[in-house]
Undergrad: 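Supplied in C-alpha cells, the structure appears directly below.
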Amino acid sequence: MRGWAWLSKHYEPVCYGLALGLLGLALLKPEVQLKQQVQHYLMIADVSQSMNAEDVLLNEQTVSRLAYSQHLMKQLVQRSPCGTYFSLGIFASDNIAMLQTPLEVCKNLDVISDGIDHLEWRMAWKGNSRLSFAVHAATHVYDALNQPAQMLFFTDGDEAPRVNVTIKQDLSGVQIGEFFTFVGVGGAEKVAIPRYNSANKRVGDWPVSDNNNAGAVGVTYADPSQDEPDPPVAYAEYDRMLSQLEEDYLKSLAAEFKGSYVKGVDQPAFYQALAAKPATASFVTDYPLRSFYLLSALVLILATYVPDLRMRRTAGARS
C-alpha cells in the first residue's frame, strides 16, 4: 500500500523520469541483436552477350535483357524488409563468380545497388554459355556459402553452343533444387544480338557466319583480334544471329533437378512470389527498437495528464 501511495504522490515525476530514460535508450541503444531466421537471396546474372539483346519494355522503352534483370534485382532489394541479406554473382561460360557475399539490405543498400548497376557483358571471361554446367557450378558456390540462400538465376536460357548429347550434363544428382530458381528474362520473339567492341561501343549485330558467335567456345573478350577495333558483324538481315527467351528449355532444365522457374516481370506478383520463398539463413541481426522507445516515451508523457482529466471529470459530475 505504501508503494502505491508513494507512486500516486510522485506520479508525474516518475512518468517524466521513465520517459527521459526511454529517450536516452533511443539515442544510445536503438537496436538489439537477435539471432533469427531471415531470407538470404543469391542473385546470379547471366552476362553472356545474348543478354544484350533488346526485347523487353521498361518504362515504355525497349531495353536489354541485362538492363531489365538489373531493374528486377534492384526492385527486389528495395522491396525487401530490413534483416534480408543479399549476395551477388555472375554467370559466363560454364561457371559462376561471386561479386558480393551476404550483405544486410538496410545497412548496405547503396553497396548492393552499386554492385547491380555495374553488371555488364565485359565481365564475362569467355563467350560460350552452358547453363547445365552452371547448375553444377552453383552447387559448389552453394556449398561455399557461409549461409544457405535462395539462388535466383537471371538468364534468357540461350545456350551456345546448343546443348546436345555430347555436352549434356546429368543433373539428377543435384541436391539444391528447392533453393534454385531460374528467372527468365527476354521476349518470345527472336531478335538480333548486338555486338560491341571492347570499348563497349556497339558496332553492329552478331553474324551467323562468324564461327566465334555470341556463345561460341573460346571467345575471350580480352583478345584484341576479336573485339578491337572492328570485330565482324552481320553484313545483311539474313546473316544476323537471332535470340529469344528459351522458356521451355529453362523449365525442362529446372525439372531435371527439382528446381523452379519463374518469368521475370516487373509486377507485384513476381516480387511476392520471391518473397514467399521460405527463409534459408540464420543471422545475428540488429532489431530496431528506437520507434518502440519513442512511442513508449510519448505514452508516458501523455499519461501525466490522466490525473487532471480524472479530476475534471469528477468535478463535472458533482456539478
Side-chain angles (χ1 to χ4, degrees), residues 44-59 61-73 89-97 99 116-134 153-164 167 182-247 249-250 264:
I44 301 170
D46 183 346
V47 293
S48 58
Q49 287 205 46
S50 65
M51 292 293 285
N52 288 332
E54 299 174 348
D55 60 353
V56 280
L57 285 175
L58 179 61
N59 298 325
Q61 291 186 338
T62 303
V63 299
S64 71
R65 298 166 187 171
L66 182 55
Y68 196 74
S69 297
Q70 291 170 290
H71 174 76
L72 295 178
M73 289 179 179
I90 56 172
F91 159 72
S93 183
D94 57 1
N95 212 340
I96 293 170
L99 302 179
I116 296 171
D117 285 336
H118 282 84
L119 296 173
E120 61 160 285
W121 69 272
R122 288 181 296 179
M123 288 180 165
W125 45 94
K126 276 189 177 181
N128 55 325
S129 172
R130 293 178 170 179
L131 290 172
S132 55
F133 285 75
F153 197 117
F154 293 77
T155 181
D156 55 10
D158 190 353
E159 275 203 330
R162 292 292 180 180
V163 65
N164 56 55
I167 62 173
F182 281 119
V183 180
V185 181
E189 297 184 5
K190 292 182 179 294
V191 296
I193 302 173
R195 186 164 196 179
Y196 296 83
N197 62 20
S198 59
N200 207 29
K201 179 181 178 181
R202 183 169 181 173
V203 293
D205 296 324
W206 274 90
V208 174
S209 58
D210 186 359
N211 290 331
N212 289 327
N213 58 45
V217 178
V219 177
T220 303
Y221 299 125
D223 182 357
S225 68
Q226 296 295 333
D227 294 307
E228 292 185 307
D230 189 22
V233 296
Y235 59 85
E237 189 80 13
Y238 61 82
D239 186 44
R240 296 185 308 163
M241 177 172 291
L242 303 179
S243 172
Q244 69 185 99
L245 169 61
E246 302 287 351
E247 278 197 292
Y249 176 58
L250 288 174

Undergrad: Do Asp205 and Arg195 sit within salt-bridge range, that is, some charged N less than 4.0 Å from a carboxylate O?
TA: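 Here Asp205 does not pair with Arg195 in a salt bridge, since their nearest N and O are not under 4.0 Å apart.
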
Undergrad: What distance do Asn197 atom CG and Arg122 atom CZ have between them, rounded to the nearest 0.5 Å?
TA: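 Between atom CG of Asn197 and atom CZ of Arg122 there are 8.5 Å.
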
Undergrad: To the nearest 0.5 Å, how far apart are CH2 in Trp125 and OG in Ser93?
TA: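 One gets 7.5 Å once the value is rounded to the nearest 0.5 Å.
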
Undergrad: Side chains of Ser243 and Asp156, heavy atoms from C-beta outward: is any pair under 4.5 Å?
TA: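 A side-chain contact exists here, since the closest heavy-atom pair is under 4.5 Å.
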
Undergrad: Could you give the distance from CZ (Phe154) to CG (Leu119), rounded to the nearest 0.5 Å?
TA: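 Between Phe154 CZ and Leu119 CG, I get 10.5 Å after rounding to 0.5 Å.
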
Undergrad: Hey, can you tell me if Tyr235 and Tyr238 have their rings parallel, tilted or perpendicular (30° and 60° cut-offs)?
TA: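 Perpendicular.
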
Undergrad: Taking Glu54 for the side chain and Val63 for the main chain, is one N or O donor matched with an acceptor at less than 3.5 Å?
TA: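 Checked: no pair found.
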
Undergrad: Closest heavy-atom contact between Ala124 and Ala92?
TA: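 It is CB-CB, 3.6 Å.
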
Undergrad: Can you tell me how far the CD1 atom of Ile193 sits from the CH2 atom of Trp206, to the nearest 0.5 Å?
TA: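 Between atom CD1 of Ile193 and atom CH2 of Trp206 there are 8.5 Å.
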
Undergrad: Do you know which two heavy atoms are closest between Ala234 and Asp239, and how far apart they sit?
TA: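 Reported closest heavy-atom pair: CA-OD2, 3.4 Å.
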
Undergrad: Once rounded to the nearest 0.5 Å, what's the spacing between atom OG of Ser69 and atom CE of Met51?
TA: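 It is 3.5 Å, given to the nearest 0.5 Å.
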
Undergrad: Flag yes if more than 12 heavy atoms outside Asn59 fall under 6.0 Å of its CG atom; otherwise flag no.
TA: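 Atom CG in Asn59 is not packed in, count stays at 12 or less.
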
Undergrad: Any side-chain to backbone donor/acceptor pair from Gln70 onto Glu120? Under 3.5 Å, distance only.
TA: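 No, the answer is negative, given that no donor and acceptor are paired below the 3.5 Å cut-off.
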
Undergrad: Below 4.5 Å, heavy atoms only, C-beta onward: do Glu159 and Tyr249 meet side chain to side chain?
TA: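 When only atoms from C-beta onward are counted, Tyr249 and Glu159 do touch, with a gap below 4.5 Å.
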
Undergrad: Does any part of the side chain of Tyr196, heavy atoms only, come nearer than 4.5 Å to the side chain of Val203, both counted from C-beta?
TA: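 No, their side chains stay 4.5 Å or more apart.
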
Undergrad: Does a side-chain heavy-atom distance below 4.5 Å link Ile96 with Ile90?
TA: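 Ile96 does not reach Ile90 side chain to side chain.
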
Undergrad: Keeping the roles fixed (side chain from Gln244, backbone from Ala188), state whether a donor-acceptor pair exists under 3.5 Å.
TA: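 Answer holds: yes.
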
Undergrad: Could you tell me whether the side chain of Thr62 reaches within less than 4.5 Å of the side chain of Leu57, counting heavy atoms only?
TA: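 Touching, per the 4.5 Å side-chain cut-off.
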
Undergrad: With a 4.5 Å limit on heavy-atom distance, are the side chains of Val47 and Phe91 in contact?
TA: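 No - every pair of side-chain heavy atoms lies 4.5 Å or more apart.
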
Undergrad: Checking side-chain hydrogen bond (donor to acceptor under 3.5 Å, both in side chains) between Arg65 and each of Asp46, Thr155, Asp55, which is the one that passes?
TA: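 Of all the options given, the one that passes is Asp55.
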
Undergrad: Quick one: closest heavy-atom pair of Leu250 and Gly184, and the distance?
TA: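 So the minimum-distance heavy-atom pair works out to CD1-CA, 4.2 Å.
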
Undergrad: Kindly assign one of parallel, tilted or perpendicular to the pair Phe153 and Phe182, based on the angle between their ring planes and the thresholds 30° and 60°.
TA: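 Rings of Phe153 and Phe182: perpendicular, over 60°.
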
Undergrad: Working to the nearest 0.5 Å, report the span between OG of Ser64 and CD of Gln49.
TA: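 With rounding to 0.5 Å, OG (Ser64) is 11.5 Å from CD (Gln49).
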
